[in-house]
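Read the structure below first, then the notes.
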Amino acid sequence: MSSTAPARLCLRRPDDWHVHLRDGALLQAVAPATARTFARAIVMPNLSPPITTVAAAEAYGARIRAALPDGSRFTPLLTAYITDTIAPGEIARGHREGVFTACKLYPAHATTNAAAGVSDLGRIGAVLETMERIGMPLLIHGEVTDAEVDIFDREAVFIERQLAPLLARHPGLKVVLEHITTADAVAFVRAGGPNLAATITPHHLHINRNAMFRGGLRPDFYCLPVAKRERHRLALRQAATSGEPCFFLGTDSAPHPRSAKEAACGCAGIYNAPFALESYAEVFEQEGALEHLEAFASEHGPHFYGLPLNEDSITLVRDSHTVPPRLHGNAAGGEATDLVPFHAGQVLQWRVGEEG
Ligand code: DOR
Ligand code: ZN
């Protein structure tokens with residue numbers, strides 16, 4: 001640390017443009033962590049069953065609000081899960097009524113609870129046309145699912161085979177390529193117009209694919225899209241910290257109970273919500289770019305979504321602390337909410353302090 005390093009950073013309160021809040025006991029356990037730091041979050045719809053109707057989203061929004069601590073001012077921004085058969089009218093109505101902020105596109109079987117996702121982009125042309133017309137963002141899990149494509153190539157192949165043609169068919173559609181993991185995605189998004197952006201997770205800024213195999217099989221570093229080679233991580237760090245408005249914060253915090261992670265066929269997902277902003281701050285400081293953290297965390301996302309900036313602030317205090325190896329849920333307790341946070345057992349340099 002240089003002697004000129006700041007001891008406190010006061011930022012406009014950030015938003016998380018990609019999070020999994022789950023449902024039931026897990027929702028109770030994880031929602032407070034996101035609400036502590038973020039004013040708003042784009043909440044993923046891959047519940048079981050997925051959120052495909054306005055009514056289901058309204059009910060889910062109420063359950064999220066009920067899981068928040070008293071006095072919380074957190075606003076969940078809900079999304080619709082696109083299936084092969086979802087009606088464009090349902091999506092448009094949800095958007096008009098302020099229930100759906102965006103739609104999420106999972107290629108069928110790409111990840112957790114994606115079995116009901118889209119089997120062929122040709123089937124959702126009318127949905128995409130409607131979204132383009134009403135200015136509703138499309139959030140994409142950008143991986144092909146063909147078993148013959150190597151898992152480390154699935155994002156780059158998706159961009160070439162699926163995303164580029166989709167953008168050509170719908171030039172007015174606002175698209176967020178979620179949780180990008182490759183230099184290919186960085187270059188593609190950078191070269192896209194103002195309708196194309198990407199979220200970048202804390203974990204893809206910190207780990208490369210070796211993390212999953214260091215000293216043995218490490219399920220806590222397994223997520224989708226899977227972390228790639230070091231050169232991709234470096235490209236992501238450069239993009240996130242560059243100050244370019246097409247890159248913004250989206251944690252993809254994706255909690256699974258420890259029993260589901262540490263299993264013969266473990267689930268994909270990294271639970272980073274408890275120390276997400278701290279984790280990003282560490283990266284920005286290491287890259288000598290702390291002056292760009294606020295724009296990445298608090299400005300580029302709202303600008304892309306056409307939403308107002310948050311008016312309140314948050315303080316990051318330099319205060320090194322060790323992340324707990326385990327987090328246990330609330331009163332619901334038990335194995336279902338036994339979670340391993342990202343950075344478990346590691347020392348982080350920043351801590352979210354009191355409100356500014
Ligand atoms: O690692 C992941 N976990 N990637 C996803 O796309 C889904 C998420 C989840 O819901 O668990
Ligand atoms: Zn996700």
Side-chain angles (χ1 to χ4, degrees), residues 15-24 26-27 29-31 33-34 38 41-51 60 64 76-82 101-118 137-145 151-152 154-155 158 162 175-182 185 197-209 211-212 218-228 236 248-263 265-273 276 301 336-337 339-342:
D15 304 300
D16 183 350
W17 298 98
H18 184 130
V19 71
H20 298 265
L21 292 182
R22 310 304 196 202
D23 213 342
L26 208 42
L27 168 63
V30 304
T34 292
F38 299 103
I42 287 279
V43 182
M44 289 297 124
N46 63 332
L47 303 183
S48 182
I51 303 287
Y60 185 39
I64 294 170
L77 303 175
L78 302 176
T79 56
Y81 181 116
I82 304 181
T101 299
C103 289
K104 179 66 188 273
L105 167 59
Y106 289 105
H109 304 289
T111 186
T112 307
N113 291 339
V118 175
L138 176 69
L139 317 181
I140 301 184
H141 183 109
E143 289 191 286
V144 293
T145 53
I151 191 167
F152 294 100
R154 287 180 189 174
E155 182 175 280
F158 180 88
Q162 312 266 2
V175 170
V176 183
L177 186 55
E178 299 288 341
H179 41 56
I180 59 171
T181 61
T182 56
T199 51
I200 304 181
T201 75
H203 42 280
H204 291 111
L205 296 172
H206 279 278
I207 62 167
N208 64 30
R209 62 190 193 173
M212 288 181 290
R218 305 287 297 270
D220 298 323
F221 298 117
Y222 172 54
C223 64
L224 289 170
V226 71
K228 308 296 193 299
L236 294 169
F248 49 83
L249 186 157
T251 64
D252 198 19
S253 180
H256 290 279
R258 196 157 74 85
S259 55
K261 291 287 294 173
E262 299 175 12
C265 186
C267 294
I270 293 180
Y271 179 47
N272 60 34
T337 53
L339 300 166
V340 178
F342 186 47

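Order of appearance sets the numbers: ligands from 1, and atoms from 1 within every ligand.
None of the N, O or S atoms belonging to H141 lies under 2.8 Å away from the Zn ion (ligand 2). At least one N, O or S atom of H20 sits under 2.8 Å from the Zn ion (ligand 2). At a threshold of 2.8 Å, the Zn ion (ligand 2) has a backbone or side-chain N, O or S atom of D252 nearer than that distance.
Under the side chain to side chain contact (heavy atoms under 4.5 Å, CB included) criterion, T34 pairs with V19, L21, F38, A41, F74, A273, sequence neighbours left out.
Aromatic ring centroids of H20 and H18 lie under 6.0 Å apart.
No side-chain N or O of N113 forms a donor-acceptor pair with one of S48 less than 3.5 Å apart. Side chain to side chain, K228 and T182 fail the donor-acceptor criterion of an N or O pair below 3.5 Å.
Between Y106 and Y81, the ring-plane angle classifies as tilted under the 30° and 60° cut-offs.
Between T251 and P202, the closest side-chain pair of non-hydrogen atoms falls below 4.5 Å.
The only option from I140, L138, T199 that meets the side chain to side chain contact (heavy atoms under 4.5 Å, CB included) definition with V176 turns out to be T199.
Listed by chain and number, residues touching ligand 1 at under 4.0 Å (heavy atoms only) are H20, R22, N46, T111, T112, H141, C223, L224, D252, A254, H256, A268, G269.
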